[in-house]
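Notes to accompany the following structure.
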Amino acid sequence: MATALDAARTAAAAGDAPIGAVLLDPARQVVAVAGNEREQTGDPTAHAEVLVLRRRGADLGSWRLDGHTLVVTLEPCTMCAGAAVQARVERIVFGAYDPKAGAVASLWDVVRDHRLNHRPAVTGGILEAECAEVLREFFRSQR
């Protein structure tokens, strides 16, 4: 999570919402790191989670990320939760809960819907206070 927090701070310095993500391979080695890049790229899908999934898929030449763990500073939204399911990610670990748009615990539970053919395990609240503070500081500075 510390690496994801560093990526979140880098995104904030670039003017993006401070959300960072790390992807761990089945051996729990970091294989991709990203912060949000929506403002930098003008791409509405350039969320940190989607970026690490894309990068790892490109490295492997496969969309299947079986055994991988997605670590992110903020609970994933519906798009990112859906991307994790589609990529067959094994586990999602997140920091701060997102009561306004969270899609793995707070507002929705997209990833554990029994109707889906793949359901990642979820662990939330890791370094929650620190992850939330990075977001609060950023949005306070935007006002």
Side-chain angles (χ1 to χ4, degrees), residues 1-60 63-116 118-143:
M1 189 61 76
T3 302
L5 277 163
D6 288 343
R9 291 182 184 105
T10 300
D16 246 302
I19 299 165
V22 172
L23 194 65
L24 307 176
D25 69 9
R28 301 301 185 244
Q29 299 298 309
V30 173
V31 293
V33 178
N36 273 9
E37 296 180 7
R38 293 185 312 165
E39 297 298 329
Q40 298 169 62
T41 63
D43 178 356
T45 69
H47 289 201
E49 301 97 308
V50 170
L51 295 173
V52 295
L53 296 174
R54 285 179 183 163
R55 290 172 186 165
R56 182 60 172 166
D59 288 346
L60 292 176
W63 58 269
R64 289 185 165 276
L65 301 179
D66 299 302
H68 286 68
T69 299
L70 176 62
V71 179
V72 60
T73 57
L74 182 65
E75 179 182 355
C77 69
T78 54
M79 176 181 67
C80 295
V85 169
Q86 292 300 314
R88 307 301 193 263
V89 166
E90 180 179 312
R91 173 177 293 287
I92 298 170
V93 176
F94 68 90
Y97 287 83
D98 186 354
K100 294 182 181 177
V104 300
S106 296
L107 192 56
W108 296 288
D109 192 354
V110 170
V111 299
R112 290 177 286 200
D113 188 308
H114 70 279
R115 296 168 292 187
L116 298 175
H118 179 75
R119 291 178 291 285
V122 175
T123 304
I126 306 300
L127 296 181
E128 180 177 5
E130 189 172 352
C131 291
E133 185 57 27
V134 169
L135 286 158
R136 273 193 294 279
E137 286 176 18
F138 176 79
F139 288 111
R140 194 175 11 237
S141 75
Q142 299 297 304
R143 294 184 184 122

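Please read these numbers as outputs of a predicted model, since none were measured by experiment.
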Do [X] and [Y] come within less than 4.5 Å of each other through their side chains, counting heavy atoms only?
X: Val122; Y: Arg91; value: no
X: Leu5; Y: Leu127; value: yes
X: Val72; Y: Ile19; value: yes
X: Glu37; Y: Asp43; value: no
X: Arg119; Y: Val111; value: no
X: Leu74; Y: Leu135; value: yes

Subject >> Salt bridge Arg9-Glu133, side-chain N to carboxylate O under 4.0 Å >> reply: no

Original post:
Does Lys100 come within less than 4.0 Å of Asp98, counting only side-chain N to carboxylate O?
Top reply: no

Any idea which heavy atoms bring [X] and [Y] closest together, and the distance?
X: Cys131; Y: Met1; answer: SG-SD, 3.9 Å
X: Ala11; Y: Pro18; answer: CB-CA, 4.4 Å
X: Trp108; Y: Ala101; answer: CZ3-O, 4.2 Å
X: Ala14; Y: Gln40; answer: CB-NE2, 3.5 Å
X: Ala21; Y: Val52; answer: O-CG1, 3.6 Å
X: Ala48; Y: Asn36; answer: N-OD1, 2.8 Å

Considering only distance and modelled atom types, tabulate donor-acceptor pairs under 3.5 Å from the side chains of residues 80-90, sequence neighbours left out.
{"residue": "Arg88", "atom": "NH1", "partner": "Val85", "partner atom": "O", "Å": "3.4"}
{"residue": "Arg88", "atom": "NH1", "partner": "Gln86", "partner atom": "O", "Å": "3.1"}

Under 3.5 Å, side chain of [X] to main-chain N/O of [Y], donor-acceptor pair present?
X: Arg112; Y: Val104; value: yes
X: Arg55; Y: Val33; value: yes
X: Thr73; Y: Gly20; value: yes

Subject >> Interatomic spacing from CG in Leu24 to CZ in Arg56 - rounded to 0.5 Å >> reply: 10.0 Å

**OP:** For a side chain to side chain contact (heavy atoms under 4.5 Å, CB included) with Leu51, tell me which candidate from His47, Glu49, Arg54 qualifies.
**Re:** Arg54

**OP:** Decide yes or no on side chain to side chain contact (heavy atoms under 4.5 Å, CB included) for Val31 and His68, but give the supporting numbers first.
**Re:** CA-CA 9 Å; Val31 293; His68 286 68; 4.2 Å; yes

Original post:
Quick one: ring pair (Phe, Tyr, Trp, His ring centres under 6.0 Å) partners of Tyr97, sequence neighbours excluded?
Top reply: Phe94

**OP:** Take Leu65 and Leu23, measure what side chain to side chain contact (heavy atoms under 4.5 Å, CB included) needs, and give me the verdict at the end.
**Re:** CA-CA 10 Å; Leu65 301 179; Leu23 194 65; 4.0 Å; yes

**OP:** List in chain and number order the residues that pass side-chain contact (heavy atoms from CB on, under 4.5 Å) with Glu39, two or more places apart in sequence or in another chain; answer none if no residue qualifies.
**Re:** Asp16

